[in-house]
Amino acid sequence: MIPGQFDYHAPTTVQEAVQLLQEHGDEAKVLAGGHSLVPLMRLRLAAPSVLVDINRIPELRGINRTNGTVTIGATTTHATIERSEVLKRVLPMLPAAATVIGDPMVRNRGTFGGSLAHADPAGDWPAVALALNAEMRIVGPDGERTVPAGEFFVDLLTSAVEPGELLTHVSIPVPGGNVGMSYQKFGHPASGYAVTGVAAIVTLYENNYCLDCSIAITGAGTKATRATETENALRNQTLDEATMAQAAEQAGTGIDFLGDIYASEEYRQQLVKVYTKRALLAALHAANEGQSAEAQKTL
Ligand SMILES: Cc1cc2nc3c(=O)[nH]c(=O)nc-3n(C[C@H](O)[C@H](O)[C@H](O)COP(=O)(O)OP(=O)(O)OC[C@H]3O[C@@H](n4cnc5c(N)ncnc54)[C@H](O)[C@@H]3O)c2cc1C
């Protein structure tokens, strides 16, 4: 199908983009990679009369590391994250997760900020951003505000970005200490979207003693959710397969599970337990392999 008619603007600064968004209110939509918006427009499920293309704003693109924080610009593509040597060293879960998003065409066009702002319940980045305690920088007519990932994903396809606002950057603290992280996903065989995806980070003391743990789940419910009961069950415990498997049983607590023709609610409940255990095991393995030692060296 063919989208309805729209006016097209390609601002070159954030200020100009926000001005256009404010001017046109609900009629306007931000265009980033277009890999979620354009299909919706072709189906006439979205019919904006104004598109504000943010791809020509240089400050929105790129990955920067300063003083223990990595900042990723909103229009940075999945492929750029996948190839980033800095991220491979200090936040390896990001490039690893990028490799399982869609296909090369989706990864070359789709953006980090677009995926987060869109808040697709089956998107991969929401779980990764939530587990990493990312902070979203949003610019609107009243200036900039920062929203923690824990408050950013409001509901199905609804993020904290209001009409007239632009998600500009995402700041991610690089975790210190002996840390391992992993994203494990059961992807839909046709689209690649997450039927269930789990991001897990463990911080260890000696002999696999868990000082801290962070787990976030996508795909299973209406929005990405932290598995707080599982996290609490693992903190201050010695991690082994049995302990993690037992804690993973609680990972679905608080998720408003979805069911569809591909995967029922019950199936997703089971996937959450299995993939939480897998992500935890992989994170533990990564910590033991010295994943974070490399990160510390390069900070
Ligand atoms: C075949 C296919 C397979 C896919 N598989 C996966 C997958 O496996 N995993 C996955 O996570 N995703 C998948 N995707 C989605 C893909 O990652 C998209 O790129 C992503 O969801 C949206 O990013 P985008 O840059 O394309 O955003 P767009 O489509 O341009 O925008 C999406 C929405 O966010 C808004 N928006 C965009 N950027 C901003 C911003 N900076 N500030 C405020 N609002 C903004 C837009 O107005 C729009 O409402 C797939 C897509 C396709 C077509």
Side-chain angles (χ1 to χ4, degrees), residues 3 6 8-11 14 17-18 20-22 24-43 45-57 59-61 72-82 94 96-130 136-140 144-145 147 152-154 156-170 183 185-197 199 218-219 223-224:
F6 55 84
Y8 173 83
H9 297 271
V14 168
V18 169
L20 282 163
L21 290 172
Q22 205 196 359
H24 297 285
D26 286 346
E27 292 295 304
K29 276 271 180 202
V30 172
L31 176 71
H35 269 62
S36 292
L37 182 58
V38 173
L40 289 175
M41 289 172 64
R42 291 183 61 173
L43 293 168
L45 294 171
S49 58
V50 175
L51 282 188
V52 179
D53 182 344
I54 57 171
N55 288 288
R56 292 193 179 90
I57 306 177
E59 68 187 273
L60 294 184
R61 198 173 285 266
I72 303 179
T75 58
T76 306
T77 61
H78 311 317
T80 301
I81 292 174
E82 182 182 356
L94 281 155
T99 64
V100 295
I101 294 179
D103 52 41
M105 200 166 76
V106 172
R107 297 199 285 275
N108 280 331
R109 289 295 305 174
T111 68
F112 191 54
S115 179
L116 293 168
H118 192 53
D120 192 309
D124 294 292
W125 290 134
V128 175
L130 203 49
M136 319 302 186
R137 281 161 51 191
I138 300 170
V139 175
E144 183 174 300
R145 64 191 179 101
V147 179
F152 186 79
F153 305 105
V154 178
L156 191 94
L157 297 173
T158 310
S159 70
V161 183
E162 300 283 352
E165 290 188 324
L166 192 64
L167 173 64
T168 61
H169 297 89
V170 179
Y183 179 67
K185 165 182 179 177
F186 182 91
H188 190 287
S191 68
Y193 275 104
V195 180
T196 292
T218 188
K223 62 174 183 170

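In each ligand, atom 1 is the first atom listed, and ligand 1 is the first ligand listed.
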Can you tell me the protein heavy atom closest to atom 34 (O) of ligand 1 and the distance? G114 O, 3.7 Å

Proximity winner for atom 52 (C) of ligand 1, if only heavy atoms of D120, V106, N108, L31 are counted: V106

Only heavy atoms of G110, strictly under 4.0 Å: list the atoms of ligand 1 that pass. 19 (O), 25 (O), 26 (O)

Classify the ring geometry between W125 and H78 as parallel (under 30°), tilted (30 to 60°) or perpendicular (over 60°). tilted

Counting from 1, what ligand 1 atoms have a heavy atom of D124 closer than 4.0 Å? 7 (C), 8 (O), 9 (N), 10 (C), 11 (O)

What do you reckon, does L166 have a nitrogen or oxygen under 3.5 Å from a nitrogen or oxygen of ligand 1? no

Looking only at distances, can you tell me whether any N or O atom of G33, backbone or side chain, sits closer than 3.5 Å to an N or O atom of ligand 1? yes

Give the numbers and elements of all ligand 1 atoms closer than 4.0 Å to a heavy atom of G192. 7 (C), 8 (O)

List ligand 1 atoms under 4.0 Å from A74, heavy atoms only on the residue side. 41 (N)

Determine, using heavy atoms of G34 and all atoms of ligand 1, whether some pair is separated by less than 4.0 Å. yes

So is K185 close enough to ligand 1, meaning a heavy atom under 4.0 angstrom away? yes

Quick check: does L167 get an N/O under 3.5 Å from an N/O on ligand 1? yes

Which residue and heavy atom of the protein sit nearest atom 4 (C) of ligand 1, plus the separation: Y193 CE1, 3.6 Å

Atoms of ligand 1 under 4.0 Å from any heavy atom of H78, numbered from 1 in the order shown, are 16 (C), 17 (O), 19 (O)

Any N or O of G113 closer than 3.5 Å to N or O of ligand 1: no

Would G102 count as being in polar contact with ligand 1, using the rule that some N or O on each side must be under 3.5 angstrom apart? yes

Against heavy atoms of S191, which atoms of ligand 1 measure under 4.0 Å? 3 (C), 4 (C), 5 (N)

When T111, V147, L116 are each screened for side chain to side chain contact (heavy atoms under 4.5 Å, CB included) with L167, the one that passes is L116

Starting from atom 46 (C) of ligand 1, which protein heavy atom do you reach first, and at what distance in Å? V30 O, 3.0 Å

Tell me, which protein residue and heavy-atom name are nearest atom 21 (O) of ligand 1, and how many Å apart are they? S36 OG, 2.8 Å

Relative to ligand 1, is I54 under 4.0 angstrom through side chain, backbone, both or neither, heavy atoms considered? side chain

Do L37 and ligand 1 have an N or O pair less than 3.5 Å apart? yes

For atom 45 (C) of ligand 1, the closest protein heavy atom turns out to be A117 CB, 3.6 Å

Hey, is ligand 1 close enough to H35 that some N/O pair sits below 3.5 Å? yes

Ligand 1 atoms nearer than 4.0 angstrom to some heavy atom of V161 are 43 (C)

